[in-house]
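All remarks here apply to the structure that follows.
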Amino acid sequence: MRSDQDPALLRAFAAELKARRLALGLSQDKFALMAEIHRTFVAKVERAVAMPSLSSVYRIAEGLGAEPAELITAVSKRYMKELRSAVSVAPTSTA
């Protein structure tokens, strides 16, 4: 099975989740209980190793006290920054 995971998108989701969780003063354990997901999965998502499924995104948003659409919008903004950052540091080729 081919992996379609986009590293920049993984990093954007990871950063948004961690920032919001920390802003709420929640440990990974406490957040995982609130979101009804496993703590090790939270850790993997925050390290940009795993991408949550759609149902997990809904649970994560609920655990953060956010609407799923608002969470995705915030992730999208971070993702665009990731992409711009990657382009600005990419080496230029000279022919």
Side-chain angles (χ1 to χ4, degrees):
M1 185 173 162
R2 178 183 98 150
S3 174
D4 288 330
Q5 293 185 344
D6 179 341
L9 183 56
L10 285 168
R11 288 189 302 271
F13 196 95
E16 189 65 26
L17 170 56
K18 188 171 185 176
R20 286 171 179 249
R21 178 181 62 76
L22 292 175
L24 293 171
L26 299 172
S27 67
Q28 286 181 343
D29 288 323
K30 179 74 173 172
F31 173 71
L33 286 172
M34 293 172 64
E36 298 180 359
I37 55 179
H38 202 277
R39 191 213 45 90
T40 58
F41 182 66
V42 173
K44 286 179 181 179
V45 172
E46 287 189 357
R47 288 191 334 265
V49 174
M51 179 60 76
S53 66
L54 184 58
S55 60
S56 293
V57 169
Y58 271 74
R59 287 188 189 131
I60 288 168
E62 186 175 298
L64 294 171
E67 289 294 320
E70 189 269 325
L71 177 61
I72 295 299
T73 298
V75 169
S76 180
K77 288 177 183 177
R78 282 186 187 263
Y79 178 59
M80 296 310 291
K81 286 181 186 177
E82 283 279 340
L83 293 179
R84 283 192 300 273
S85 163
V87 168
S88 67
V89 295
T92 57
S93 65
T94 56

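Just so you know, these numbers use all the heavy atoms, side chains as well, and skip hydrogens, waters and symmetry mates.
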- Task: If you link ILVMFWY side chains whenever their heavy atoms are less than 4.5 Å apart, which other residues fall into the same cluster as Phe31? By chain and number, please.
- Result: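 Phe31 shares its hydrophobic cluster with Leu9, Leu10, Phe13, Leu17, Leu24, Leu26, Met34, Ile37, Phe41, Val42, Val45, Met51, Val57, Ile60, Leu64, Leu71, Ile72, Val75, Tyr79, Met80, Leu83.
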- Indicate yes or no for a side-chain donor-acceptor contact from Thr73 to the backbone of Ala69 under 3.5 Å, with no hydrogens or angles considered.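 Side chain of Thr73 to backbone of Ala69: a pair is present.
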- Any residue meeting salt bridge (charged side-chain N to carboxylate O under 4.0 Å, His left out) with Arg59, in chain and number order, not counting sequence neighbours: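 Arg59 satisfies salt bridge (charged side-chain N to carboxylate O under 4.0 Å, His left out) with no other residue.
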- Looking at Ala14 and Ala48, what are the two nearest heavy atoms and their distance?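 Result for this residue pair: CB-N, 3.9 Å.
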- Could you tell me which non-hydrogen atom of Glu70 sits nearest to which non-hydrogen atom of Ala66, and how far apart they are?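 Minimum heavy-atom separation between Glu70 and Ala66: OE1-CB, 3.4 Å.
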- SB check Glu16 Arg20 (cutoff 4.0 Å):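 Result for this pair is yes, salt bridge flagged.
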From [atom1] ([X]) to [atom2] ([Y]), nearest 0.5 Å:
X	Y	atom1	atom2	result
His38	Gln28	NE2	CD	12.0 Å
Lys77	Glu82	NZ	CD	16.0 Å
Lys81	Arg11	NZ	CZ	14.5 Å

